[in-house]
Amino acid sequence: AAAQVRGKELLDQFIDLGANGRLDPEGYITHLNCRNVTLPDEIIPRIANCSKLQDLNLRNTGFKDRQFVHLENLTEMVNLDLSDNPIAGMSIHKLGTMSKLASLSFASTSVNDANVRQFEAIAHLKTIRKINISGTKLSTASYEKITRFFRLADVKH
């Protein structure tokens with residue numbers, strides 16, 4: 001039953017943890033800011049219930065690579081911040097359905113050269129205009145490849 005929680009009830013659960021967000025007039029969560037909130041493992045899957053989510057800030061929440069599966073179907077996403085998390089980058093390809101994504105941040109994560117192909121797997125997302133990979137373990141050569149994948153984006157290294 002907890003997995004089916006949506007709208008205001010779900011937003012209230014995030015608020016109880018210290019997050020904040022907004023609902024649209026139909027009661028869907030469209031913005032969720034969990035920055036600096038340690039999210040329990042059992043609440044992360046509930047993000048998948050936020051089908052209208054456009055703006056998600058998971059900066060410094062403890063978000064891990066294995067949890068990318070819960071973001072896969074968030075096709076309305078415009079801004080996604082995954083900075084300051086223990087992410088190596090092996091699941092970045094799961095963001096490939098986010099056809100409206102404009103801003104993506106992996107700043108201060110463990111994303112490294114071994115995961116450049118993950119960026120190539122989402123290079124078809126032509127709406128991306130900003131990518132922040134500063135403070136990662138990506139080399140200059142990898143940064144240059146990512147810049148080529150996303151020619152229209154401002155890639156911050």
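The analysis underlying the following values was restricted to heavy atoms, covering all of them including side chains, and did not include hydrogens, waters or symmetry mates. A quick note: this is a predicted structure, and the numbers were derived from the prediction, not measured.
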For a side-chain contact (heavy atoms from CB on, under 4.5 Å) with C34, tell me which candidate from T61, N20, D81 qualifies.
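Between C34 and the candidates, side-chain contact (heavy atoms from CB on, under 4.5 Å) is satisfied uniquely by T61.
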Where the side chain of [X] meets the backbone of [Y], is there a donor-acceptor pair that is under 3.5 Å apart?
X: H157; Y: T140; result: no
X: S108; Y: G135; result: no
X: D65; Y: A88; result: yes
X: N85; Y: I87; result: no
X: D84; Y: N60; result: no
X: Q118; Y: H93; result: yes
X: N49; Y: I47; result: no
X: T127; Y: S99; result: yes

From [atom1] ([X]) to [atom2] ([Y]), nearest 0.5 Å:
X: L95; Y: L101; atom1: CG; atom2: CG; value: 7.0 Å
X: L58; Y: L32; atom1: CG; atom2: CG; value: 7.0 Å
X: Q13; Y: E42; atom1: CD; atom2: CD; value: 10.0 Å
X: K156; Y: K130; atom1: NZ; atom2: NZ; value: 9.0 Å
X: L125; Y: F149; atom1: CG; atom2: CZ; value: 13.0 Å
X: K94; Y: N73; atom1: NZ; atom2: CG; value: 10.5 Å

What's the verdict on side-chain contact (heavy atoms from CB on, under 4.5 Å) for D113 and K137, showing C-alpha distance, side-chain angles and the deciding distance?
CA-CA 7 Å; D113 294 341; K137 297 179 178 178; over 6 Å; no
Min side-chain heavy-atom separation [X]-[Y] under 4.5 Å:
X: L56; Y: L71; result: yes
X: M77; Y: L53; result: yes
X: D55; Y: N33; result: no

On a heavy-atom basis, which atom in [X] and which in [Y] lie closest, and how many Å separate them?
X: S105; Y: N132; result: OG-CB, 3.4 Å
X: R46; Y: L10; result: O-CD2, 3.4 Å
X: C50; Y: I29; result: SG-CD1, 3.8 Å

Should [X] and [Y] be counted in the same cluster of Ile, Leu, Val, Met, Phe, Trp and Tyr side chains packed under 4.5 Å apart?
X: L23; Y: L17; result: yes
X: F119; Y: M90; result: no
X: V69; Y: I92; result: no
X: L82; Y: M98; result: yes
X: I128; Y: V155; result: yes

Between F106 and L138, is a side-chain contact (heavy atoms from CB on, under 4.5 Å) present by the stated rule, with each step listed?
CA-CA 11 Å; F106 289 105; L138 290 162; over 6 Å; no
Go through F63 and L39 one step at a time and tell me if the side-chain contact (heavy atoms from CB on, under 4.5 Å) criterion holds.
CA-CA 8 Å; F63 189 84; L39 296 177; over 6 Å; no
Using a strict 4.0 Å threshold on nitrogen-to-oxygen distance, state whether K64 and D41 make a salt bridge.
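Looking at K64 and D41, the cut-off is met.
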More than 12 heavy atoms from other groups under 6.0 Å of CZ on F150:
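It does: F150 CZ has more than 12 such atoms within range.
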Would you indicate whether R129, at its atom CZ, is surrounded by more than 12 heavy atoms from other residues, nucleotides or ligands within a distance under 6.0 Å?
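Yes - once you tally the heavy atoms of other residues, nucleotides and ligands closer than 6.0 Å, there are more than 12.
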Give the C-alpha distance, both sets of side-chain angles, the deciding distance and a yes or no for side-chain contact (heavy atoms from CB on, under 4.5 Å) between L74 and L80.
CA-CA 11 Å; L74 301 178; L80 179 61; over 6 Å; no
